[in-house]
Amino acid sequence: MTATLLRTAADLHARARTGRRAVVMTMGALHEGHATLIRAARKAAGPEGEVVVTVFVNPLQFGAGEDLDRYPRTLEADVELAGKSGADAVFAPSVDEVYPGGEPQVRISAGPMGERLEGASRPGHFDGMLTVVAKLLHLTRPDVALYGQKDAQQLALIRRMVRDLNFGVEIVGVPTVREEDGLALSSRNRYLSPAERRTALALSEALFAGGDRHAAQEALRARAREVPASRARAEALSAIGESRAAADAHAVATTAGGPAAIRAAARLVLDEAARLDPPLRLDYLALVDPSDFTEIGDGFTGEAVLAVAARVGATRLIDNIPLTFGTFGDAS
């Protein structure tokens, strides 16, 4: 399948629409993670619909000292990959097309949620991101827009903006795509030397360690719920040690577990990576509620995100995994 390259909103608006339009927004340098998003968009649009991929390196998202100038630009390859993955069109506007007359005076504010984690590390980043997403949603006029879950805070803020400002578009998150060694796919991975890449694997390894600890805790909570209800049954089971095992599970789940233990398991891996050559320099490790990106506490139930950001050499990487608390019942 060949994707049509479009440079202006007028050209995009001139296309006939017969079904649902699904949009995937990117900054180019497309890889298999983007291809997965495009394939999901093709499914969401259906055979009669249209998939549009945007390629725009947004200057408003880059702060002082960040990699705007060195950000990879590979439009010809991007159009080819987009077409092979199921896109009908690639919308690659110029900066003047998106921001006629220069940087916009009126912008979207991400609010307090945009000042945490990534927002604290990159002041103004999320204001710039939401501003361009809002503009691209208006320019492309989709029925559904798809974003990767690797950028979990970005996805959460887009969902919040669409809900709070009554955008008439469905927002869909697509799971993170990883390479065989576990490293989350990112356009920035190409900046890593072989040695830096080995160190960078600590991000996903830390998340998986935290995820394993979480799974163990949830299993322990489930085991604790099996403590015998009747004295006769308790006495019978005590002969084979089952009631003691359940009691031990309850003690571990309630005193040695919780979010702090998950963070500690992940932090251990990151601390070890800080001693490697080259070292990993941790920016943040957080276990948060995706509705507002505040840290969760003991007794939390529902969906959470374990997120990490770090630098290896000159490259800054982020990653996260979703966790569900209370899988086996009340998590408290």
Side-chain angles (χ1 to χ4, degrees), residues 23-29 34 54-73 91-140 145 147-167 169 171 173 176 184 186-189 191 203 281-286 288-295 305 307-320:
V23 165
V24 173
M25 296 183 186
T26 82
M27 292 206 298
H34 297 110
T54 70
V55 174
F56 181 67
V57 181
N58 178 31
L60 300 189
Q61 290 176 232
F62 291 81
E66 294 189 333
D67 55 357
L68 173 61
D69 292 336
R70 67 191 286 253
Y71 197 88
R73 291 163 171 83
F91 177 49
S94 66
V95 173
D96 289 339
E97 178 75 12
V98 177
Y99 300 122
E103 291 191 3
Q105 295 297 304
V106 177
R107 308 187 186 192
I108 300 291
S109 171
M113 185 175 170
E115 297 172 357
R116 301 173 184 130
L117 300 188
E118 284 297 292
S121 298
R122 306 175 66 188
H125 167 73
F126 285 126
D127 290 355
M129 180 276 294
L130 289 179
T131 298
V132 79
V133 167
K135 288 181 71 71
L136 288 173
L137 287 175
H138 289 312
L139 290 171
T140 60
Y147 302 88
Q149 291 179 355
K150 185 178 80 70
D151 297 298
Q153 193 171 3
Q154 170 180 284
L155 174 59
L157 280 163
I158 292 171
R159 281 177 165 154
R160 190 63 183 252
M161 177 184 72
V162 166
R163 181 171 67 250
D164 288 355
L165 301 184
N166 300 101
F167 280 66
V169 60
I171 303 298
T176 301
S186 169
S187 301
R188 290 187 169 93
N189 290 353
Y191 299 148
L203 273 77
R281 302 191 304 278
L282 182 65
D283 189 344
Y284 62 76
L285 172 70
V288 298
D289 181 340
S291 69
D292 58 9
F293 267 69
T294 57
E295 293 279 355
V305 173
V308 63
R311 289 188 180 274
V312 182
T315 304
R316 185 175 185 275
L317 301 170
I318 63 172
D319 200 354
N320 71 84

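What you see below is based on every heavy atom in this structure, not just the backbone, and it leaves out hydrogens, waters and symmetry mates. Residue numbers run from 1 in the order of the sequence given.
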Measure the shortest side-chain to side-chain distance between Leu317 and Asn189 over non-hydrogen atoms and say whether it is less than 4.5 angstrom.
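Yes. Closest side-chain heavy atoms under 4.5 Å.
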
Just wondering, do Lys150 and Ile318 contact through their side chains at under 4.5 Å, heavy atoms?
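In contact.
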
I'd like to know if Glu118 and Arg316 make a salt bridge, using a cut-off of under 4.0 Å between side-chain N and carboxylate O.
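Answer for the salt bridge query: yes.
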
Assess whether side-chain contact (heavy atoms from CB on, under 4.5 Å) is satisfied between Met25 and Leu137, documenting all intermediate values.
CA-CA 9 Å; Met25 296 183 186; Leu137 287 175; 3.5 Å; yes

Just to verify, what does Asp127 make a side chain to side chain donor-acceptor pair (under 3.5 Å) with, not counting sequence neighbours?
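Not a single residue meets the side chain to side chain donor-acceptor pair (under 3.5 Å) criterion with Asp127.
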
Partner residues of Asp319 under the side chain to side chain donor-acceptor pair (under 3.5 Å) criterion, sequence neighbours left out:
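Result, side chain to side chain donor-acceptor pair (under 3.5 Å) vs Asp319: Arg178.
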
Any donor-acceptor N or O pair under 3.5 Å, side chains Ser94, Asp96
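There is no such pair (donor and acceptor under 3.5 Å, judged by atom type) between the side chains of Ser94 and Asp96.
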
Over all atoms of both residues, closest heavy-atom pair of [X] and [Y]:
{"X": "Gly28", "Y": "Ser187", "value": "O-OG, 3.7 Å"}
{"X": "Ala134", "Y": "Ile108", "value": "CB-CG1, 4.2 Å"}
{"X": "Glu295", "Y": "Ala286", "value": "OE2-CB, 3.1 Å"}
{"X": "Leu282", "Y": "Ala309", "value": "CD1-O, 3.5 Å"}
{"X": "Met129", "Y": "Leu157", "value": "CE-CB, 4.2 Å"}
{"X": "Pro104", "Y": "Tyr99", "value": "CD-CD2, 3.5 Å"}

Can any side-chain N or O of Arg116 pair as donor or acceptor with the backbone N or O of Asp292 at less than 3.5 Å?
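Confirmed, Arg116 side chain pairs with Asp292 backbone.
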
With a 3.5 Å distance limit and no angle check, can you tell me whether Arg159 reaches the backbone of Gln154 through a side-chain donor-acceptor pair?
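Not a single qualifying donor-acceptor pair exists.
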
Walk me through it: do Val24 and His34 pass the test side-chain contact (heavy atoms from CB on, under 4.5 Å)?
CA-CA 8 Å; Val24 173; His34 297 110; 5.6 Å; no

Pick out which of Asn320, Val288, Leu117 makes a side-chain contact (heavy atoms from CB on, under 4.5 Å) with Gln153.
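It is Leu117, the one option of Asn320, Val288, Leu117 that forms the side-chain contact (heavy atoms from CB on, under 4.5 Å) with Gln153.
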
Any chance you could lay out the side-chain contact (heavy atoms from CB on, under 4.5 Å) test for Phe91 and Val23, step after step, and finish with the verdict?
CA-CA 10 Å; Phe91 177 49; Val23 165; over 6 Å; no

If you count the non-hydrogen atoms of other residues, nucleotides and ligands that lie under 6.0 Å from CZ in Arg160, is the total more than 12?
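No, because the 6.0 Å sphere around CZ of Arg160 holds 12 heavy atoms or fewer from other groups.
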
Atom OH of Tyr147 and atom CD1 of Ile158: how far apart are they, to the nearest 0.5 Å?
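With rounding to 0.5 Å, OH (Tyr147) is 4.5 Å from CD1 (Ile158).
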
When rounded to the nearest 0.5 angstrom, what is the spacing between CG in Leu130 and NE2 in His125?
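Taking CG in Leu130 and NE2 in His125, the distance rounds to 9.0 Å.
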
Run the side-chain contact (heavy atoms from CB on, under 4.5 Å) check on Leu60 and Val132 step by step: do they pass?
CA-CA 8 Å; Leu60 300 189; Val132 79; 5.8 Å; no

